[in-house]
Amino acid sequence: QQQVKQSPQSLIVQKGGISIINCAYENTAFDYFPWYQQFPGKGPALLIAIRPDVSEKKEGRFTISFNKSAKQFSLHIMDSQPGDSATYFCAASRREGNTGKLIFGQGTTLQVKP
Amino acid sequence: DVKVTQSSRYLVKRTGEKVFLECVQDMDHENMFWYRQDPGLGLRLIYFSYDVKMKEKGDIPEGYSVSREKKERFSLILESASTNQTSMYLCASSLLGGSRPAFFGQGTRLTVV
């Protein structure tokens with residue numbers, strides 16, 4: 001119930017295309033779903049996050065779509081650019097006592113070809 | 001900006017050595033975390049702490065211990081390093097409570113030979 005499953009493991013997209021990464025979770029107590037972006041040699045950085053009271057959140061070219069009934073959420077990168085090439089992690093957390101530990105997906109390595 | 005600083009970018013240690021990984025954050029966050037990153041496995045939580053001297057085991061605590069003597073500092077200790085602990089180690093911090101973003105350090109690439 002603590003798992004977050006992410007797919008695909010790797011993704012190759014042409015410049016200008018749409019990149020889509022999917023995540024699924026089991027625990028209905030999760031109430032925060034962030035996405036992290038990691039460039040080689042760097043730590044992950046928060047990209048965008050959503051809470052289950054909304055079905056979509058958009059920030060620039062990045063959009064999270066959230067389907068509460070299916071327990072799935074996805075990251076869409078519109079007009080993908082070579083600079084978006086990175087590893088992306090979805091995550092989930094819940095109000096578990098006083099902690100805020102994040103459960104991460106397995107990661108998706110995105111390559112955007114020029 | 002939140003800054004989480006890990007003391008080393010790269011470390012090479014011998015099997016059986018005691019290894020200390022240090023992490024410092026400057027945003028007065030209550031929570032601090034140690035994750036391990038391996039290809040295809042994502043980020044797995046080793047230990048976390050929500051207050052000074054408080055610690056809780058994560059998903060893979062075996063072979064590791066932690067210390068938090070000051071709010072801003074969280075140390076990961078490999079009591080007797082083994083080759084299967086060769087990995088990228090990431091420290092993170094966040095405010096207390098659920099539904100909070102975590103801020104990561106740049107990572108320490110540890111190689112045990």
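Atoms considered below: every heavy atom in the structure, side chains included; atoms not considered: hydrogens, waters and symmetry mates. Per chain, numbering begins at 1; letters A, B, ... match sequence-line order.
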Fill in: Neighbour count above 12 (heavy atom, 6.0 Å) for A/Gln9 CD
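Open.
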Pick one of side chain, backbone, both or neither for [X], based on which atoms fall under 4.5 Å of a heavy atom in chain B.
X       : answer
A/Gln38 : side chain
A/Tyr36 : side chain
A/Pro34 : neither

Worksheet item: Pick from A/Gly107, A/Pro44, A/Gly43: which one has the most heavy-atom pairs with chain B under 4.5 Å?
Response: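 The option with the most such pairs is A/Pro44.
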Worksheet item: Do you know which of A/Thr108, A/Thr87, A/Thr109, A/Leu102 has the most heavy-atom pairs with chain B at a distance under 4.5 angstrom?
Response: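 Among the listed options, the one with the most contacts to chain B is A/Leu102.
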Please answer: with hydrophobic residues joined when any side-chain heavy atoms are less than 4.5 Å apart, are [X] and [Y] in the same cluster?
X        : Y        : answer
B/Tyr10  : B/Trp34  : no
A/Phe73  : A/Leu11  : yes
A/Ile48  : A/Val54  : yes
A/Phe104 : B/Leu90  : yes
A/Ile50  : A/Ile103 : yes

Which bit of [X] comes within less than 4.5 Å of chain A, counting heavy atoms only: side chain, backbone, both or neither?
X       : value
B/Gln6  : neither
B/Leu43 : both
B/Arg44 : neither

Worksheet item: How long is the span from the OH atom in B/Tyr35 to the NZ atom in A/Lys101, to the nearest 0.5 Å?
Response: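 Between B/Tyr35 OH and A/Lys101 NZ, I get 8.5 Å after rounding to 0.5 Å.
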Fill in: Choice from B/Ala92, B/Ser49, B/Ala102, B/Pro39 maximising heavy atom contacts with chain A below 4.5 Å
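The residue among B/Ala92, B/Ser49, B/Ala102, B/Pro39 with the greatest pair count is B/Ala102.
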